[in-house]
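What you see below is based on every heavy atom in this structure, not just the backbone, and it leaves out hydrogens, waters and symmetry mates. All of these numbers come straight from a predicted model, not from anything done at the bench.
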Amino acid sequence: MSGYSFQTKVDDWTESSFFLAVLLGLASIPFSLILSWEEATLINGAPMIVTGLLVGYLYNARSTDSHQAGLIAGFVASLGGIMVFATEVVARFSLGESTRLEVVAIPLVLILLVICLAILVMVFAMVGNWIAKITARFYSIQSHK
C-alpha cells in the first residue's frame, strides 16, 4: 500500500481549493432551516447572502477564483432551500391539495431553485471580493502615510 492511506486522502481533500467554500455552504444550511422555520417563509436567503459575502471576502487573497468558490458554496447552501421546499411540498401533498400540474412542475422548480440560490451566493461572493479589495486598498493607503 505504498502512497495510499486514509490520511493522505483526507489531506488531499482538506487542501482542496474549494474546501472552505463547501464548509461555509454547509454551515449556512442549519441557519437557513431555522430562519425559514421561525418566520414561516418559504426560504430565508440571509444565511446564503452572508455565506456569499464571506466566501468572496476570504477568497480574495487566494489563487482560486471567488466566483467559482461562490458558485460551489451556493450549490451546497441550496440544500437548505431544497429541504425547506420539500417540507412545504410534503405538507401540501398531505392535505391533498395538489394537482397534476404541481406534481409535474416540482422537478423544474427544484432545478430553478438550486440555480437561483447558487447564483445568489455567487453574486454576493463577488460583492464580498469587491469589499475585500476595497479594504485592502484602504489599509495599504493608510500604512503608507
Side-chain angles (χ1 to χ4, degrees), residues 5-144:
S5 70
F6 180 72
Q7 185 61 40
T8 57
K9 286 296 176 189
V10 170
D11 289 342
D12 290 344
W13 188 64
T14 55
E15 290 178 9
S16 170
S17 58
F18 297 113
F19 181 70
L20 183 61
V22 171
L23 281 182
L24 288 170
L26 287 173
S28 73
I29 293 172
F31 295 106
S32 295
L33 294 175
I34 291 169
L35 291 175
S36 296
W37 186 284
E38 287 180 357
E39 294 181 7
T41 59
L42 186 58
I43 299 171
N44 189 320
M48 295 174 202
I49 291 171
V50 171
T51 298
L53 290 171
L54 284 172
V55 166
Y57 191 84
L58 294 173
Y59 273 82
N60 181 46
R62 293 177 177 233
S63 62
T64 305
D65 186 26
S66 64
H67 298 71
Q68 292 175 340
L71 196 60
I72 288 174
F75 279 122
V76 174
S78 70
L79 292 174
I82 291 171
M83 290 180 204
V84 171
F85 181 73
T87 57
E88 294 292 326
V89 168
V90 168
R92 186 161 174 88
F93 282 150
S94 67
L95 296 174
E97 298 178 1
S98 61
T99 64
R100 287 186 187 156
L101 179 63
E102 290 174 337
V103 173
V104 172
I106 287 173
L108 178 64
V109 171
L110 280 174
I111 291 169
L112 289 174
L113 179 69
V114 169
I115 291 170
C116 289
L117 292 176
I119 290 173
L120 173 79
V121 174
M122 183 185 74
V123 166
F124 278 94
M126 292 164 52
V127 172
N129 190 14
W130 176 75
I131 291 170
K133 286 179 183 177
I134 295 296
T135 54
R137 192 175 306 140
F138 175 76
Y139 286 126
S140 69
I141 291 171
Q142 292 297 324
S143 66
H144 292 296

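To the nearest 0.5 Å, the span separating CZ on F19 from CD1 on I72 amounts to 13.0 Å. If you take CE on M48 and CG on L24, they are separated by 13.5 Å, rounding to the nearest 0.5 Å. To the nearest 0.5 Å, the span separating CZ on F85 from CG on L110 amounts to 5.0 Å. A distance of 8.5 Å separates CG in L79 from OG in S28, rounded to the nearest 0.5 Å. Atom CE of M122 sits about 12.0 Å away from atom CD1 of I115, to the nearest 0.5 Å. Note: S78 OG to I29 CD1 = 8.0 Å, rounded to the nearest 0.5 Å.
Counting heavy atoms from C-beta on, the side chains of V121 and V55 never come closer than 4.5 Å. Under the 4.5 Å side-chain criterion, counting only non-hydrogen atoms from C-beta, T51 is not in contact with V76. Side-chain atoms of M126 and N129, non-hydrogen and from C-beta on, never get closer than 4.5 Å to each other.
Annotation for V84 and S32: closest pair CG2-O, 4.4 Å, computed over non-hydrogen atoms. For G70 against A125, the heavy-atom pair with the smallest separation is CA-CB, 3.7 Å.
The local environment of CZ in F31 is sparse, with at most 12 non-hydrogen atoms from other residues, nucleotides or ligands closer than 6.0 Å.
Across T87, V114, L117, a single residue satisfies side chain to side chain contact (heavy atoms under 4.5 Å, CB included) together with I82, and that is V114.
The backbone N or O of L33 lies less than 3.5 Å from no partner atom in the side chain of S36, so there is not a single donor-acceptor pair. Side chain of Y59 to main chain of S17: a donor-acceptor pair is present (N/O by atom type, distance under 3.5 Å, no hydrogens or angles).
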